[in-house]
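Reading through the structure tokens given below for one structure.
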Amino acid sequence: MNKAWHPKNEREEIVLSPIHAVTNNDLWLWGILAAILLAGLVSWGIQFFVTGLSATGLNRPVYWGLYITNFVFFIGLAHSGTFISAILRLAGQGWRKPLTRAAEAITLFSLPFGVTSILIDMGRPDRVLNIFIYGRFQSPLLWDITAVSLYLFSSVVFFYLSLLPDIALCRDRLTEVPAWQHRMYEILSLGWTGRNGQFERLEKALDGMAIFMTMLVITVHTVVSWVFGMTIQPGWHTALIGPFFLLGAIFSGTSAVVIVLAILRKAYHMENVLPVSLFNSLRKLLITFTLGWLYMMIAENLTTSYGNLPEEMRVLGQKTGGDFAIMFWAMWILVFFVPLLIFIFKGKDNIPWMVGATVMVNIGMWMERFIVIVPTETRPRLLYELTKGVYRPTLIEWVITASLFSGLILLYSMFTRFFPIVPLWETADSLEPEENEKPVIGFRQHKFGATSSAMLKGK
Amino acid sequence: MSIGYLFVNTPGIGGIVATVVIGTAAVIYFLLTRWIINGDKKEEE
């Protein structure tokens with residue numbers, strides 16, 4: 001088979017080095033994560049075959065708990081890739097290039113766990129087919145399944161297309177890998193040869209898809225929020241819930257990108273490939289998102305408290321001084337107060353501080369999802385007169401939750417051992433083939449007239 | 001009953017629309033991938 005032409009990239013060796021061998025440390029990590037995943041499967045098996053949803057802490061009137069919290073959180077996490085790749089691509093932010101794949105991979109691997117959370121919450125996953133068989137357009141659940149399915153599908157395609165030239169590179173460069181792995185590269189590269197026309201069409205397609213993905217990312221999380229917002233329950237029935245969910249999603253997703261980048265940088269010795277300047281750029285975005293989150297929180301809660309409607313105030317009371325007060329105020333500290341101080345005063349040129357802050361943001365954002373969902377159910381409209389709901393998650397729910405996160409980390413870490421986690425063709429130094437590389441048809445010119453290495457340096 | 005009411009409320013129609021949306025996306029993505037891979041194919045031949 002003829003080898004393809006690949007744009008020159010002086011970081012190629014560093015980026016490909018994690019793919020050469022799976023280490024014992026990897027196997028240990030994967031083993032532990034797989035064991036947690038297995039524990040989750042067993043727990044789900046108990047819930048599915050033996051006890052039903054009575055294995056959970058869900059009971060009237062609290063019908064949604066940890067599983068739906070996980071669903072919203074995972075869908076939010078998935079916004080990282082689309083934000084970095086699509087929205088920043090449209091904005092012409094060249095610095096995003098080295099981190100696009102790491103961010104997109106978060107999208108790719110967290111979405112399935114979001115969908116799985118829904119199936120677990122249903123108790124009877126087979127009934128998801130009812131949405132297709134009996135689905136009515138007035139149901140936000142139908143909007144949800146349509147938007148999330150399309151988003152998952154489109155994310156896979158967007159991710160795969162941008163990965164294509166690098167899969168071909170693996171096919172041509174990594175000849176010493178096991179035969180099955182090489183065969184996998186051959187099949188997945190679809191005969192990519194690196195022709196000028198292929199690159200041109202690829203960039204056109206990615207530009208076009210970026211517009212579509214941007215629309216989709218806004219739609220998806222808004223529709224997810226409408227599952228709550230289209231009810232008339234206090235705390236949920238607000239027009240602000242869509243933008244609030246969306247902002248939170250991009251906030252937690254971008255924070256997750258910082259964590260992942262720092263781990264990749266350290267574990268795979270990619271200090272030169274993922275420079276500190278990337279973290280500084282993300283830091284500026286995160287400061288904006290933190291303040292945006294504050295704005296949304298104040299707008300939502302101030303409007304609610306001014307209205308002073310009894311049903312709304314009961315839910316607000318549950319959050320600020322009731323059963324969920326500790327979590328509510330802890331969320332404020334974890335999402336806003338401490339991270340903002342770190343981002344402003346400590347985060348510049350300091351990756352450990354950035355990681356600490358973004359870990360806090362993600363824990364806090366998970367709590368925020370819980371705070372949005374559960375307090376409303378414990379003090380619902382109408383039913384409140386009959387019962388006050390209580391929700392305490394059971395061990396089975398916690399084990400399943402842990403297994404979902406383990407599954408995400410497992411898939412992600414395995415991916416980094418088989419595919420380049422930094423896009424080599426997008427960050428190439430030289431986009432012109434050498435004379436001795438002919439006959440290559442033409443050469444690619446960078447659309448912005450600057451080399452990617454210059455962009456990496458933020459020039 | 002208006003057509004709009006029937007479209008929104010009849011069980012099953014929503015499922016059909018959802019399937020059509022996802023199916024159409026599948027076809028478009030397949031054609032898009034093929035179009036990219038075939039870029040400059042004639043020149044190479």
Side-chain angles (χ1 to χ4, degrees), chain A residues 2 4-5 128-162 164-165 168 188-206 208-209 212 216 219 439-442 444, chain B:
Chain A
N2 289 332
W5 176 77
V128 77
L129 289 175
N130 289 350
I131 289 187
F132 288 98
I133 299 169
Y134 306 110
R136 292 192 295 173
F137 236 90
Q138 66 178 190
S139 165
L141 290 177
L142 182 76
W143 312 342
D144 209 29
I145 202 161
T146 308
V148 172
S149 305
L150 190 60
Y151 184 47
L152 175 60
F153 193 17
S154 304
S155 297
V156 170
V157 174
F158 193 64
F159 183 78
Y160 177 60
L161 289 179
S162 67
L164 254 179
L188 290 177
S189 62
L190 300 177
W192 180 271
T193 56
R195 292 188 300 270
N196 193 32
Q198 286 182 325
F199 275 113
E200 279 180 4
R201 288 185 178 186
L202 179 60
E203 288 197 341
K204 271 185 196 168
L206 292 178
M209 275 196 81
F212 179 62
L216 207 51
T219 307
V440 169
I441 301 103
R444 300 175 61 231
Chain B
M1 282 186 288
S2 68
I3 292 175
Y5 179 86
L6 286 173
F7 181 77
V8 170
N9 288 285
T10 307
I13 288 184
I16 293 169
V17 174
T19 310
V20 168
V21 167
I22 297 162
T24 307
V27 173
I28 291 171
Y29 291 149
F30 171 75
L31 295 174
L32 185 70
T33 308
R34 204 173 64 166
W35 176 71
I36 293 167
I37 294 294
N38 288 338
D40 276 350
K41 199 172 188 179
K42 282 180 186 168
E43 273 188 72
E44 190 181 61
E45 285 166 2

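Only a predicted model underlies this, so the values are computations on that prediction, with no experimental measurement involved.
- For B/T33 and A/Y160, the side-chain atoms include no donor-acceptor pair closer than 3.5 Å.
- Only the backbone of A/I133 comes within contact range of chain B, with heavy atoms under 4.5 Å apart.
- Using a 4.5 Å cut-off between heavy atoms, A/F158 makes no contact with chain B at all.
- Judged as a side-chain hydrogen bond (donor to acceptor under 3.5 Å, both in side chains), and not counting sequence neighbours, A/R201 has no contacts.
- When every heavy atom of B/I22 is checked against every heavy atom of A/F153, the shortest pair comes out as O-CE2, 3.9 Å.
- A distance of 5.5 Å separates OG1 in B/T19 from CZ in A/F132, rounded to the nearest 0.5 Å.
- Heavy-atom neighbours of B/L6 CG from other residues, nucleotides or ligands within 6.0 Å: above the threshold of 12.
- Within the 4.5 Å cutoff, the side chain of B/F7 has no heavy atoms near those of the A/R136 side chain.
- The two residues A/T146 and B/A18 make their nearest non-hydrogen contact at OG1-CB, 3.3 Å.
- Interface remark: A/S154 contributes backbone and side-chain atoms alike to the contact with chain B (heavy atom separation under 4.5 Å).
- Minimum interatomic distance between B/I36 and A/L161 (heavy atoms only, all atoms of both residues): CD1-CD2, 3.8 Å.
- With a 4.5 Å cut-off on non-hydrogen atoms, B/I13 touches chain A through its backbone but not through its side chain.
- When side chains are defined from C-beta on, A/L164 counts as touching B/I37, because their heavy atoms get closer than 4.5 Å.
- The distance from atom CD of A/Q138 to atom OH of B/Y5, rounded to the nearest 0.5 Å, is 7.5 Å.
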message: Assess the residue pair A/M209 and B/L32 against the criterion (side chain to side chain contact (heavy atoms under 4.5 Å, CB included)); give the C-alpha distance rounded to whole Å, side-chain angles, the decisive distance to 0.1 Å, and a yes or no.
response: CA-CA 10 Å; A/M209 275 196 81; B/L32 185 70; 4.0 Å; yes

